[in-house]
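Since the structure comes first, as structure tokens, the remarks are kept for the end.
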Amino acid sequence: MENNLPSQYSPKEIEDKWYRFWEESGFFHSEPSSSKKPYTIVIPPPNVTGVLHVGHALNNIIQDILIRWKRMQGFNVLWMPGTDHAGIATQNVVERELSSKNIKRQDIGRERFIEEVWKWKQQYGSTIIQQLKKLGSSCDWQRERFTMDEGLSAAVKETFVRLYRKGLIYKGKYMINWCPRCRTALADDEVEHEEHEGHLWHIKYSFKENPQQHIVVATTRPETMLGDVAVAVNPKDDRYKDFIGKTLLLPILGRELPVVADDFVSPSFGTGAVKVTPAHDPNDFAIGMRHALPSIVVMDEDGTMNINAGDYNGQDRFECRNALVEDLKLRKHIDRIIPHKHSVGHCYRCKTVIEPYFSNQWFVKMRPLADAAILASLNKSVTFYPERWEKVYLSWLDNVRDWCISRQIWWGHRIPAWYCDDCGAISVSTEDINQCTKCNSPRLKQDEDVLDTWFSSALWPFSTLGWPKETPELAYYYPTSTLVTDRGIIYFWVARMVMMGIEMVKQVPFSHVYIHGTILDEQGRKMSKSMGNGIDPLLMIDRYGADAVRFSIIILTTEGQDVKLSESKFEMGRNFTNKLWNAARFIFMNLNEENPEEIAYDITTLPFEDKWIHNRLNTTIEECTASLDQYKFNDAAMKMYDFTWHTFCDWYLEMVKHRLNNANNRIDKKNAQTTLAIIFGKTLHLLHPFIPFITEELWNNLTRIAQHNKIALQIGVTASCSLVTSWWPIFSKQFADDTSEHIMPVLQDIIRAIRNIRCKMDIKDKQRLKAVISYPRDFVYDLHEHTNLLKRMANLEELDMGIELQKPSHSASEVIGNLQVFVLLAGILDPLAEKDRQLKHLKQLENHLTIIRRKLNNENFAAKAPPQIVETERKKEDELQVQIEKVKHILLNIG
RNA sequence: GGGCGAUUAGCUCAAUCGGCUAGAGCACUUGCCUUACAAGCAAGGGGUUAUAGGUUCGAGUCCUAUAUCGCCCACCA
């Protein structure tokens with residue numbers, strides 16, 4: 001049988017080969033079935049414009065681990081994939097592309113523009129899907145959906161109409177957030193507030209009757225003064241009491257402004273006098289309403305000043321600000337300018353400064369929906385991991401305001417509402433209509449606006465399963481199991497899915513929400529395109545392999561904590577996959593037989609080290625499964641790493657080498673081979689959800705080689721051709737072995753001690769030594785049967801052991817618990833080095849004893865601590881005393 | 001202004017219900033290309049758990065305050 005694996009693992013061909021095989025075999029595809037339990041995850045749909053970044057990578061690695069693990073556990077697993085049409089983002093991309101050809105979207109009109117967007121989607125929309133495949137994501141690609149496809153569009157219309165009829169969607173004129181660049185309204189949470197070093201301009205407004213006298217108002221946005229209709233002061237403010245009802249003149253424009261009294265104004269901020277611009281500020285709008293003031297719009301939708309701005313007509317809002325301030329200075333209207341830090345809202349898509357804008361928009365009435373979502377969390381229908389995010393979710397829902405859902409862009413779900421030219425009624429319908437539902441007039445116009453992208457995202461867990469149709473998929477997979485996402489979209493997405501799921505399907509969309517951390521750069525900063533501090537996961541996959549990328553990221557990610565990432569971190573995963581690869585090379589090489597024979601394998605009669613490794617793996621399986629159950633992915637990964645590398649490779653492989661080379665004992669050799677194959681096979685199963693490619697490759701090699709050499713790989717289970725559809729290892733009592741669990745660590749300590757002496761005495765590894773082990777009369781285990789193992793692992797030519805043996809002359813010694821190990825070093829013993837070692841050990845022991853005695857000498861300790869703890873401390877004290885005596889005795893002999 | 005998280009070895013992070021001498025990976029020291037692996041092997045060194053108090057028999061872990069960093073929320077011009 002061939003074993004021509006190279007000594008370094010190269011992932012490239014292997015990854016592509018297996019991914020193709022998995023997909024072609026239909027392993028990722030799921031159909032509703034009555035016999036198996038479902039486990040379902042809906043992917044957070046990436047934007048069609050998206051390119052895979054490390055954040056996506058982390059998000060999808062976690063989902064894939066859960067999905068692969070549950071699939072192996074026997075669930076009928078569905079990972080529902082798809083992409084989001086990302087209204088503004090996608091429209092921006094296509095607009096930019098057109099503008100490079102000197103075309104504006106207005107030039108070609110709505111219909112043709114949307115055609116262009118679809119064309120763009122055909123061409124580039126699957127980029128991120130291809131990249132997710134590179135990572136190994138085992139989504140059911142046959143079910144891939146898109147938020148703008150027919151079925152999902154139907155779900156959007158159905159939802160809109162139902163909410164409208166229930167009075168939960170309404171249209172009205174309100175102050176909203178306006179992005180002058182995107183020329184659309186935005187929801188409150190689509191505005192990013194940023195601390196900004198601005199100014200507080202103090203401007204003098206003179207009285208009409210007495211131009212010598214003035215009131216100073218303070219503003220951060222002087223350009224809006226062109227729309228001023230009043231000046232407000234607090235009615236209790238003595239400074240201004242007498243001026244209430246008087247008239248001021250707006251500088252430059254000369255407009256007459258009444259001085260009004262309003263409780264909103266805080267006397268302690270600024271000058272205590274506020275200019276009132278109802279058309280351009282939400283607070284001023286409220287003041288305007290209270291005092292029946294007019295509203296003067298001075299700015300257009302694109303942020304340029306309009307005709308009401310007088311000479312500034314046509315200027316950009318910031319250009320106007322500068323010019324206006326200069327003019328005010330010239331006319332001596334500026335009282336003073338002070339630096340002022342304040343937060344400024346920016347568009348979350350294009351970073352343009354947001355304008356408060358008064359306009360007619362569609363809203364979702366949130367209170368009733370939010371209350372249901374709050375209840376779902378309080379009664380644990382939806383549980384957050386880590387649980388602290390529940391508070392974040394709840395506090396948003398507690399304070400939620402109505403959601404502005406209309407967007408003045410073209411790419412998206414057009415609002416299914418029609419206006420009648422004759423009777424003015426609004427008709428709302430899931431189907432396109434050509435008659436007014438009230439007066440039957442055919443003179444109808446559909447609303448020009450589209451819905452917020454998050455409106456369709458909110459329906460994702462059920463719209464992808466066929467809702468509003470009552471499909472078998474919806475019945476079987478809904479509600480889904482776990483949602484895996486980033487804390488950044490708890491409001492945007494998670495809360496809204498819960499609300500819509502409850503309202504539309506009458507069931508929460510998922511029972512668990514796992515919120516993972518954010519990946520940061522080496523210095524703890526967010527990764528961003530503009531900073532150029534991002535790490536490209538595809539480049540990392542290219543350099544280190546997808547498995548290494550997956551494993552490295554997962555082992556760094558503790559539950560919900562942010563991760564500082566740098567390229568060097570991937571070496572860890574690469575080294576691990578390489579280690580696994582080389583362990584496989586060794587195993588495969590040693591399973592080969594020219595004339596393989598079948599020999600029965602019985603765990604109860606196996607050698608000590610075989611029982612030990614079975615037991616260790618058994619425990620590891622139990623612990624890893626428990627960690628995964630609690631979403632502690634890094635914990636599971638670390639345990640697997642430790643078992644694979646430091647238990648299996650470092651110790652077990654070294655222990656069995658001689659058996660594999662011993663042709664004289666056929667049965668023992670076969671047992672060693674079989675144990676190797678079984679343990680390695682199970683380890684590959686355990687690791688598969690984390691590192692799917694290399695494990696699949698090695699498993700396939702292993703099954704082939706094992707079959708050829710007549711080695712039974714499973715005990716009581718049938719082998720599978722692929723790990724994807726194979727079984728998840730389970731803890732089994734038949735592998736438990738207390739004896740080896742206790743003795744092996746003792747043997748390892750002895751071996752380490754001898755190696756340590758070797759090292760400290762500068763003795764070559766190759767030189768074989770003589771050693772003696774002395775143990776007390778009451779020592780419970782018989783070490784004699786491990787003589788050969790000890791001799792091989794410590795490279796000894798002779799090993800004697802017995803009860804209370806004397807220290808041989810010219811020997812180095814080591815106290816290990818209640819045993820003593822002596823290494824005979826006639827002629828090579830360095831007494832100074834030996835004394836050094838013993839003194840160091842003595843100091844350690846004494847320090848430890850001090851700590852123990854401090855506890856035991858405390859009366860309250862014995863009185864109040866649990867008896868077992870007191871007991872163990874007592875035992876430790878005794879043991880330490882004995883050990884210290886022994887070390888002291890040794891030191892005395894050295895002199 | 002409010003809320004949340006973090007602060008542990010030189011670096012990046014663990015540590016279950018408060019209980020074993022606080023553990024890994026990287027880096028470091030010493031010796032090894034030993035027939036799976038130098039992306040490796042063997043043996044080591046390295047800690048006042050941010051600071052100050054408190055609760056407790058016992059605190060990295062619980063409480064209070066302080067400091068520093070980060071994130072989120074908030075209409076005071």
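Each chain gets a letter, A, B and so on, in the order its sequence line appears, and its residues count up from 1. All of these numbers come straight from a predicted model, not from anything done at the bench.
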Is a side-chain N or O of [X] found less than 3.5 angstrom from the main chain of [Y], in a donor-acceptor match?
X: A:H291; Y: A:A261; value: yes
X: A:N701; Y: A:E697; value: yes
X: A:H340; Y: A:I338; value: no
X: A:R792; Y: A:V656; value: no
X: A:D284; Y: A:T277; value: yes
X: A:R221; Y: A:H280; value: yes

Taking atom [atom2] of [N] as reference, at what distance in whole Å does atom [atom1] of [X] sit?
X: A:N177; N: B:rC75; atom1: CG; atom2: C1'; result: 11 Å
X: A:M640; N: B:rA24; atom1: CE; atom2: C1'; result: 17 Å
X: A:R574; N: B:rC37; atom1: CZ; atom2: C1'; result: 13 Å
X: A:D836; N: B:rG44; atom1: CG; atom2: C1'; result: 13 Å
X: A:F576; N: B:rG40; atom1: CZ; atom2: P; result: 12 Å
X: A:F264; N: B:rA77; atom1: CZ; atom2: P; result: 8 Å

What is the pairing partner of [N], taking Watson-Crick or G-U wobble pairs with both distances under 3.5 Å in any strand?
N: B:rC28; value: B:rG44
N: B:rC33; value: none
N: B:rU55; value: none
N: B:rU16; value: none
N: B:rU68; value: B:rA6

As a test of reading the structure: which of [options] is closest to the side chain of [X], going by heavy atoms?
X: A:N582; options: B:rC57, B:rU30, B:rA36; answer: B:rA36
X: A:M638; options: B:rC20, B:rA39, B:rA14; answer: B:rA14
X: A:I869; options: B:rC75, B:rG19, B:rA42; answer: B:rG19
X: A:E654; options: B:rU12, B:rG19, B:rC37; answer: B:rC37
X: A:N575; options: B:rA77, B:rA39, B:rU21; answer: B:rA39
X: A:D765; options: B:rA77, B:rC37, B:rC32; answer: B:rC32

* To do: Using a 4.0 Å cut-off on protein heavy atoms (strictly under), produce a 5'-to-3' string for nucleotides 2-8 of chain B with B for base contact, S for backbone-only sugar-phosphate contact, and - for none.
  => --SSS--
Determine the contact category for [X]: base if any of its heavy atoms lies under 4.0 Å from a base atom, sugar-phosphate if only primed atoms, P, OP1 or OP2 are that close, otherwise nothing.
X: A:R487; value: sugar-phosphate
X: A:S266; value: base
X: A:H202; value: nothing
X: A:Y491; value: sugar-phosphate
X: A:K840; value: sugar-phosphate
X: A:V870; value: nothing
X: A:D650; value: sugar-phosphate
X: A:K569; value: sugar-phosphate
X: A:A863; value: nothing
X: A:K526; value: sugar-phosphate
X: A:L565; value: nothing
X: A:R758; value: nothing

* Output yes when A:K639 and A:D635 qualify as a salt bridge under the 4.0 Å nitrogen-oxygen rule, no when they do not. => yes
* Is the gap between the ring centers of A:F576 and A:Y641 under 6.0 Å? ->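 Yes; A:Y641 has its ring centre under 6.0 Å from that of A:F576.
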* Measure centre to centre between the rings of A:Y9 and A:W581, then say whether the value is under 6.0 Å. =>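 Aromatic pair counts; centres sit under 6.0 Å.
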* Asked: Which residue, A:S568 or A:F269, contacts RNA chain B at a nucleotide closer to its 5' end, judged by nearest heavy atom?
  -> A:S568
* Take A:W178 and A:Y357 through the ring pair (Phe, Tyr, Trp, His ring centres under 6.0 Å) test and state the conclusion after the steps. => CA-CA 6 Å; A:W178 184 265; A:Y357 206 70; 5.1 Å; yes
* Hey, is the side chain of A:N283 pairing donor to acceptor with the base of B:rC75 inside 3.5 Å? -> yes
* Asked: When only distance counts, do a donor and an acceptor, one from the side chain of A:R755 and one from the base of B:rA42, lie under 3.5 Å apart?
  ->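 Result: no qualifying N/O pair found.
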